[in-house]
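Structure, as structure tokens:
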Amino acid sequence: MGLALVQSRALLGLAAPRVTVEVHLANGLPSFTLVGLADVEVKEARERVRSALLNSGLEFPANKRITVNLAPADLPKDSGRFDLPIALGILAASGQIDSQALADYEFAGELSLSGALRPVRGALATALALHRQHDAVRLVLPPGSAQEAAFVPSAQVFCAHHLLDVVRRFIARAPADEADEADEAGERPPATPAGPCDGPGWHAVQPQPAHAAPSGLDLTQVRGQAQAKRALEIAAAGGHGLLLVGPPGSGKSMLAQRFADLLPPMDDDEALEAAAIASLAGRFTPGRGRQRPTASPHHTASAVALVGGGSPPRPGEISQSHHGVLFLDEFPEFARTALEALREPLETGQITIARATQRCEFPARFQLVAAMNPCPCGHWGSTVQTCRCTPDKVARYQARISGPLLERIDLHVEVAALPAQELLAAPAGEGSAAVRERVARARILALQRQGCANHQLQGQALDQHLQLSPDALALAHKAATRLGWSARSTHRALKVARTIADLAGSEGLGPAHVAEAMQYRRVLGTSA
């Protein structure tokens with residue numbers, strides 16, 4: 001009887017700080033005390049662990065004073081991920097398993113009352129944090145969570161279905177047991193299949209290939225709207241934000257839903273980061289880890305739902321769409337506080353959530369695609385139907401989108417309603433695959449030239465890589481003066497012009513590129 005130490009991990013944003021589960025058995029009045037800034041779900045582990053041990057045929061030291069400490073004590077712990085390490089610590093402290101053999105592993109898993117292991121949130125984020133720290137740790141996880149963690153190529157992951165599967169690996173063994181000796185030396189069993197752990201027992205999990213499955217939504221399904229499709233191509237090539245303004249039924253949502261398929265595939269680092277955030281929210285889908293995420297929250301979503309929050313902080317929709325698309329339909333109907341919270345992430349590509357006891361940073365480099373009607377009835381400026389709104393109503397409706405937020409959206413495009421005759425007679429347009437090829441070529445040009453997408457150009461890098469011709473520079477100065485653009489609006493228009501030039505394969509910016517970019521700095525109140 002004595003002390004046992006078992007290693008695990010907590011979740012704090014995309015970080016995974018180490019937690020040491022210390023279990024001490026002592027004589028005295030029988031009790032089970034759990035300390036270390038544990039949340040309610042962690043404290044409930046006492047009952048789950050007790051039942052799991054008894055129902056698995058193992059001995060629970062009910063006549064001992066059990067103290068479990070989750071160190072460090074000032075780090076908040078949540079969820080049922082500590083059930084498995086607590087149970088193993090009790091077994092090791094009571095001498096039922098070999099406590100020395102546990103030192104080379106880290107454990108996480110929720111226990112059912114029967115002893116079966118259930119998945120935990122954030123397994124992939126834990127494996128990614130270990131990968132970035134160059135920490136070669138062997139993780140023991142439940143089914144589902146093990147497949148997530150194995151998405152990180154360097155991760156050493158073992159899958160166990162039941163508490164007894166883990167106990168059998170660490171029970172006192174004879175030295176002649178070659179298989180166990182090989183496992184203790186860090187070698188994976190050679191007979192382990194390379195697929196998911198779909199059978200009982202203990203399995204080493206190999207990384208599974210992930211694919212970007214096509215969504216089945218193609219631009220050929222959208223008739224007409226040549227200017228809006230051109231704007232989608234420019235936005236995809238340069239990573240720019242896009243605002244679609246038009247009457248109901250004009251095709252804004254159809255265009256936005258097809259935008260993600262125009263983006264080039266994610267590289268390994270982007271795929272790992274996006275998948276880790278999905279794992280934190282329990283949204284990770286094995287086999288689709290390379291598909292760019294698309295988030296489309298309802299317009300009743302709060303600011304916390306968009307940017308993240310809670311205790312402990314969890315990522316919001318802007319982080320769930322990291323390296324992907326955030327589509328906000330009915331843009332003015334979102335709460336003002338929710339929309340204004342997007343301003344800093346649009347500039348910096350990350351969101352910092354500060355609480356009294358902790359501070360979390362989540363990546364949020366997303367592409368914003370927003371859609372809205374020009375007025376409450378939706379037909380202001382339409383040639384198909386008559387608008388019923390007064391100018392005051394139109395002004396109040398459009399004023400729900402603040403000027404600073406509009407400035408941070410690079411492309412403003414009017415999506416006009418097509419007459420029925422023109423809509424039915426319009427031929428099928430260019431497909432998404434052809435557009436995606438041009439987008440990929442333009443992105444490669446930008447990466448080779450400056451190492452980032454055009455919308456990320458800042459300061460001296462912006463001046464260095466624009467390569468404006470004298471005529472283009474004169475046109476940009478004239479447009480900024482006459483239209484009253486701020487410095488931010490001017491720079492964003494020039495970034496769009498840089499993307500247009502990349503799509504055309506041009507090294508420098510000419511007047512034609514700047515002139516086309518000017519068309520997309522649309523002011524809502526000026527259309528008619």
Side-chain angles (χ1 to χ4, degrees), residues 1-9 19 21-26 30-34 38 41-70 79-120 123 138-147 157-174 177 179-180 183-184 189 192 196-205:
M1 303 296 177
L3 178 68
L5 306 180
V6 183
Q7 301 301 325
S8 186
R9 295 273 168 174
V19 173
V21 180
E22 305 172 339
V23 181
H24 180 236
L25 301 185
S31 63
F32 193 163
T33 306
L34 200 156
E41 306 105 27
V42 182
K43 292 181 178 179
E44 291 172 347
R46 294 174 296 188
E47 304 306 322
R48 292 192 295 269
V49 168
R50 186 197 311 268
S51 298
L53 290 176
L54 293 175
N55 290 325
S56 300
L58 301 168
E59 180 185 349
F60 180 81
N63 61 340
K64 296 294 180 180
R65 181 182 181 87
I66 306 173
T67 303
V68 178
N69 178 41
L70 305 179
S79 78
R81 62 190 304 106
F82 300 105
D83 289 7
L84 178 59
I86 291 173
L88 294 176
I90 293 175
L91 293 173
S94 60
Q96 300 180 61
I97 61 175
D98 184 3
S99 60
Q100 297 297 324
L102 298 175
D104 297 330
Y105 295 83
E106 291 187 358
F107 304 86
E110 180 181 332
L111 285 172
S112 69
L113 299 185
S114 65
L117 291 174
R118 290 174 173 158
V120 293
R138 286 178 282 184
L139 297 173
V140 180
L141 297 169
S145 299
Q147 286 90 320
V157 184
F158 295 88
C159 174
H161 289 252
H162 197 277
L163 175 61
L164 290 177
D165 298 333
V166 184
V167 171
R168 290 189 187 102
R169 304 297 295 189
F170 299 103
I171 202 167
R173 296 183 294 272
D177 192 336
D180 291 341
D183 180 65
E184 290 176 0
T192 299
C197 50
D198 48 6
W202 171 291
H203 301 272
V205 183

So does [Y] get a backbone contact from the side chain of [X], meaning a donor-acceptor N/O pair under 3.5 Å?
| X | Y | result |
| --- | --- | --- |
| His162 | Ser114 | yes |
| Ser94 | Leu91 | yes |
| Ser99 | Ala92 | no |

For a quick test of reading the model, state the closest non-hydrogen atom pair linking [X] to [Y] and the distance between them.
| X | Y | value |
| --- | --- | --- |
| Ser145 | Ala123 | O-CB, 3.4 Å |
| Ala93 | Ala4 | N-CB, 3.6 Å |
| Leu70 | Ala38 | CD1-CB, 4.3 Å |
| Ala101 | Phe170 | O-CE2, 3.5 Å |
| Ala146 | Val157 | O-CG1, 3.6 Å |
| Arg81 | Val120 | CA-CG1, 3.7 Å |

Does [X] reach the side chain of [Y], with side-chain heavy atoms less than 4.5 Å apart?
| X | Y | result |
| --- | --- | --- |
| Asp165 | Leu117 | no |
| Leu84 | Leu141 | no |
| Arg118 | Pro142 | no |
| Asp98 | Leu102 | no |

Separation between [atom1] of [X] and [atom2] of [Y], rounded to the nearest 0.5 Å:
| X | Y | atom1 | atom2 | answer |
| --- | --- | --- | --- | --- |
| Gln96 | Leu88 | CD | CG | 11.0 Å |
| Leu25 | Ile66 | CG | CD1 | 5.5 Å |
| Leu113 | Asn55 | CG | CG | 7.0 Å |
| Phe32 | Phe60 | CZ | CZ | 5.0 Å |
| Arg168 | Leu163 | CZ | CG | 10.0 Å |
| Ile90 | Lys64 | CD1 | NZ | 14.0 Å |

Arg48: salt bridge (charged side-chain N to carboxylate O under 4.0 Å, His left out) partners, not counting sequence neighbours
Glu44, Asp83
In terms of the angle between their ring planes, are Trp202 and Phe158 parallel, tilted or perpendicular, with boundaries placed at 30° and 60°?
tilted
Side chain to side chain contact (heavy atoms under 4.5 Å, CB included) between Val68 and Thr33, worked out
CA-CA 6 Å; Val68 178; Thr33 306; over 6 Å; no
Should we count CZ of Arg50 as having more than 12 external heavy atoms under 6.0 Å?
yes
From the options Gln7, Arg138, Arg9, select the one residue that forms a side-chain hydrogen bond (donor to acceptor under 3.5 Å, both in side chains) with Glu106.
Arg9
